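Every chain is numbered from 1, with letters handed out A, B, ... down the list of sequences. Bear in mind the structure is a predicted one, so any value in this text is a computation, not a measurement. The basis for the numbers below is simple: all heavy atoms, side chains too, and nothing from hydrogens, waters or symmetry mates.
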Amino acid sequence: MAESLLSLNPKKRKDLPLEYSTEEGDLKIVGFWVFLAAELVLFGTLFGSYLVLQSHTAGGPSAHELFKIGPVMIETVVLLVSSFTCGLSTLELRRHNVKGLIGWLVVTVLLGLVFIGFEGNEFFTYAAHEGATLQTSAFLSGFFILLGTHGAHVSLGIVWIAGILIQLARRGITPVTARKAFIVGLYWHFLDVVWIFIFTAVYLTGWVM
Amino acid sequence: MNSITNFLSHFFVTGDPMIYGADVSIVLVTLAIFFVLTYFKKWKWLWQEWLTTTDHKKIGIMYIIAALLMFFRGGVDALMMRTQLALPGMTFLNSDHYNQVFTTHGTIMIIFAAMPFIFGLMNIAVPLQIGARDVAFPFLNAVSFWLFFAGAMLFNLSFVIGGSPDAGWSAYAPYAGTELNPGVGENYYLLAVQISGIGSLATGINFLVTILKMRAPGMTLFKMPMFSWSILITSVIMIFAFPAFTVALALMTVDRIFGGHFFTIASGGSPMLWANLFWFWGHPEVYIVLLPVFGIFSEVIATFAHKTLFGYAIMVWSMVAISLLSFITWLHHFFTMGNTAPVNAFFSISTMLIAIPTGVKIFNWLFTLNKGRIHFTTPMLWALAFIPNFTIGGVTGVMLAMAPADYQYHNSAFLVAHFHSTLIAGTVFGIFCGLHYWWPKMFGYLLDEKRGKWAFWVFMISFNICFMPMYFLGLMGQTRRMYTYPAGLGWGPVNFVITIGAFGMGVGFVIMAYNIIWSALHGKRDTTGDPWDGRTLEWSIPSPAAEYNFATIPTVSTRDAFEAMKEDKRAGKEKAPAAYKPIHMPNNSAIPVVMSAFMFIAGFGFVFWWFWMAIPGVIGVIGCMIARSFVYNDAHLIPVEEIERTERAAGRLS
Ligand code: HEM
Ligand SMILES: [Cu+2]
């Protein structure tokens, strides 16, 4: 069995990236990975439920009738790019460049806001123009809750990054702020991965079927 | 005026003397607590020492106190049910009440008594066993506790405000949906269980990381005490099972509160989806409350047989096997609900497979006892009684696992007897065992042996009087969740015996409570820190443990690390202790309590469809998280002088 990282001697730990340079940072990052595993099960369950109910339209609009390619493509591209800019922010973190870090995180947040704007608009269109709400059919309940959960995660991520931006501006890059910026990056990439599954399992299959 | 009285008469549950009794006692107890705390000027002490603590040992004690109270509540529910069933045609509870009582009994016992009790014991023992100074995330640990507490309070409130859930602890759709169940009862179930479930998930993450990353130097995974192993595996189960339940509860909440159609019959919903989601969590859940007690029994049996545990590695691998299998057996809860034969066959076989690793463990305990110098202390009695009584539960479980035969047993009293054989002879015996075993480590004195043994014998014999006949009652045809039965079926005498047994268990519980109070006043002090001649690290430090647990972190080279240290000492090879260094410990925080108060407010608002109340609650929760993010000063250093003072007071430093 490998020695636990915590028993690393302080010298060895210094060679690690800043966010891993304290025991606390190390623990929190591992803990966050475990949390993401739990999130995976959470989204997995939502996907499972959605797929079971996908064809249960109960006389309401079906996926094929409802989904429009345009906005969905924009949402996808925006979120993928935001994941890229978030990755750039981590690179700047590794170079201890606080300006670059803050800059790319700001871009990420803005792209996140654009994504939420388009998604909100998409939901609004469905509800207002097609009469498709969560109460219409099992399919739509599944759709709105799966996407809503993802969207709520993105919104929370925006608030979270904003909080970390304030801390970065005040304190610069320290082991603690480095850890926070790193973890929020993991979170953001995770949401991107979930979106790819949504795009495939919800929109692509919806158009094809 | 009229509308106000109308509202109040729906808001408060009315029309039943028992409820008024509960109202009065709740008010009286609350007033008494306020009075005592104010009179003795204990508010500040309570707040600083307990409510805001992040110390795993104190959190563990709070879990156990709360869980004991919940056991009491769940036990009262059980006795009400047994009173109603004691004779044919009783009218003590009407059918509505009976439904509510078995629902709250099952939910409370599993979610608000058994699980938190186990969380309490693991909070106390795991960090001490692995030589750590706290858990990985002490703040999160406090959040977990307070979320459980908020959930428990919300659930219990349903008894006097609004009305209790009545769709069983499994809350099957469509009966739990709004058409058939329009009141607030099921909302209470959904929100309360959700809130405490989030806490449980956090606990799973916390202990997984703690055990993986914070073991004392030299303690490789396969040198860990078996209880810590059981918690490691349980944590993994929690991490993979609870999110599914979170989703299931959330979806039904959406159905009930926002008019969704996940599980409704109308508009394409699928009631079977609920059954699958519920049991996908529900079956692993029974292992969440079982594997930890397997760990407790392993510790206790090895300690009091004065032998190292037989077949350590096999014990670990059988727990791993159980944890994997526990995820592919959920369908055995509804063999009768229209699956195809191959599906039933698969789940039938996967269920029976679990008997193999479980049987292996039973034999390992027996081999540990073989040729041991057995010491019949109270914890050991609970452990020894577990083996045969639990085995009966296991064997009847295999009977239930045979899908064709299950068409006969399903939802009968036979099933009720089966799962109580596992939940009581397994989980409850285990937590009582662990409670007596670790009590001196928590409080510095022992529970009295004589009174403890009385409680044990009364409880254990009554358990058999209660649940052995129940198997036969099931075979005679009495079904579960049935509030009364006519005379002339021949069930009366058996039911009467069962009720006697149930009250006997109540007496056993009361003796145990009495023992706790008696021992607090007269209990034998534990001056050595090692009252049982223990084998693992928690016994190497004073009782009760200091805030920082270990003045110097021990280095471990074998299993049964403390036993090895004692042998070294006898051989004169004791290592000189390392010099003290200042210790870094987490600060107290008020945020967990405040956050869970907001959770409670949000939950209560959703229960009553009062969004004006729910939304501020949710905002409060998010506000607490933001506030926490800005706290940088969250730890303090304990200076060497203070460590010296503490150790000297405990007699560890001359
Ligand atoms: C004094 C000890 C106990 C007695 C006398 C007792 C008795 C009962 C009775 C009479 C029922 C309802 C049977 C029916 O009509 O369906 C029941 C259900 C149940 N009990 Fe217990 N019980 C005890 C302890 C426990 C414990 C310790 C647990 C769990 C840790 C537990 C978990 C359950 C569950 C999950 C149900 C099913 C509730 C439902 O049908 O939704 N019980 N118990
Ligand atoms: Cu099961």
Side-chain angles (χ1 to χ4, degrees), chain A residues 1-7 23-24 26-35 37-50 52-53 55-60 133-142 144-146 148-149 156 159-160 162-164 166-167 170-171 174 176-177 180, chain B residues 132 135-137 140 201-202 204-206 208-210 212-223 235-236 238-248 250-251 254-255 258-264 266-270 272-273 276-277 280-281 553 584 622 625-626 629-630 632 634-635:
Chain A
M1 211 61 227
E3 277 256 58
S4 107
L5 260 185
L6 280 185
S7 39
E23 283 185 12
E24 196 196 351
D26 189 359
L27 283 176
K28 292 207 164 149
I29 292 169
V30 175
F32 198 78
W33 277 106
V34 179
F35 170 74
E39 286 270 72
L40 210 60
V41 181
L42 185 128
F43 277 104
T45 314
L46 284 169
F47 274 108
S49 308
Y50 173 77
V52 167
L53 301 173
S55 58
H56 298 202
T57 49
T133 70
L134 180 149
Q135 304 183 343
T136 312
S137 67
F139 152 63
L140 285 168
S141 300
F144 280 110
I145 292 302
L146 172 58
T149 308
L156 193 77
V159 176
W160 187 4
I164 291 173
I166 298 174
Q167 296 173 32
R170 279 200 204 152
R171 294 166 186 271
T174 68
V176 177
T177 53
K180 292 188 177 190
Chain B
V135 293
F137 311 118
L140 187 66
L201 174 62
I205 296 174
N206 210 339
L208 179 67
V209 178
T210 305
L212 284 182
K213 304 272 296 182
M214 292 176 71
R215 297 187 310 279
M219 185 181 281
T220 58
L221 280 177
F222 275 82
K223 288 181 186 154
S235 300
V236 175
M238 287 201 276
I239 290 161
F240 287 104
F242 261 92
F245 195 37
T246 301
V247 170
L251 299 188
V254 169
D255 273 10
F258 302 102
H261 290 291
F262 287 100
F263 309 122
T264 55
S267 307
S270 165
M272 276 312 287
L273 180 62
N276 279 286
L277 292 180
F280 181 77
W281 160 82
I553 299 288
H584 184 87
I622 295 174
M625 299 206 262
I626 295 176
S629 176
F630 282 82
Y632 272 71
D634 63 350

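With a 4.5 angstrom heavy-atom cutoff, Leu251(B) touches chain A only via side-chain atoms. Using a 4.5 Å cut-off between heavy atoms, Ile239(B) contacts chain A through both its backbone and its side chain. Proximity to chain B (any heavy atom under 4.5 Å) is restricted, for Leu53(A), to the side chain, taken from C-beta onward. Contact of Phe137(B) with chain A is made through the side chain alone, with heavy-atom distances under 4.5 Å. For chain A, no part of Ile553(B) is nearby; none of its heavy atoms comes within less than 4.5 Å. Looking at Ser629(B), both its backbone and its side chain come within 4.5 Å of chain A, counting heavy atoms on both sides. Both the backbone and the side chain of Lys28(A) have a heavy atom closer than 4.5 Å to some heavy atom of chain B.
Two residues are said to be in side-chain contact when any heavy atoms from C-beta on lie closer than 4.5 Å; Arg170(A) and Thr177(A) fail this criterion. Counting heavy atoms from C-beta outward, Val254(B) and Ser141(A) have side chains that stay 4.5 Å or more apart. The side-chain heavy atoms of Thr149(A) and Val247(B), taken from C-beta on, include no pair separated by under 4.5 Å. Between Leu212(B) and Val30(A) there is no side-chain heavy-atom pair separated by less than 4.5 Å.
Counting heavy-atom pairs closer than 4.5 Å to chain A, the top-ranked of the candidates Tyr632(B), Phe630(B), Phe240(B), Phe262(B) is Tyr632(B). Options Val52(A), Leu46(A), Leu40(A) differ in how many heavy-atom pairs under 4.5 Å they form with chain B, and the most are formed by Leu46(A).
Relative ring orientation between Phe43(A) and Phe47(A) is described as tilted, the plane-to-plane angle lying within the 30° to 60° band. The aromatic rings of Phe242(B) and Trp281(B) stand perpendicular to each other, their planes meeting at an angle above 60°, with 30° marking the opposite boundary.
At least one donor-acceptor pair under 3.5 Å links the side chain of Gln135(A) to the backbone N or O of Phe258(B).
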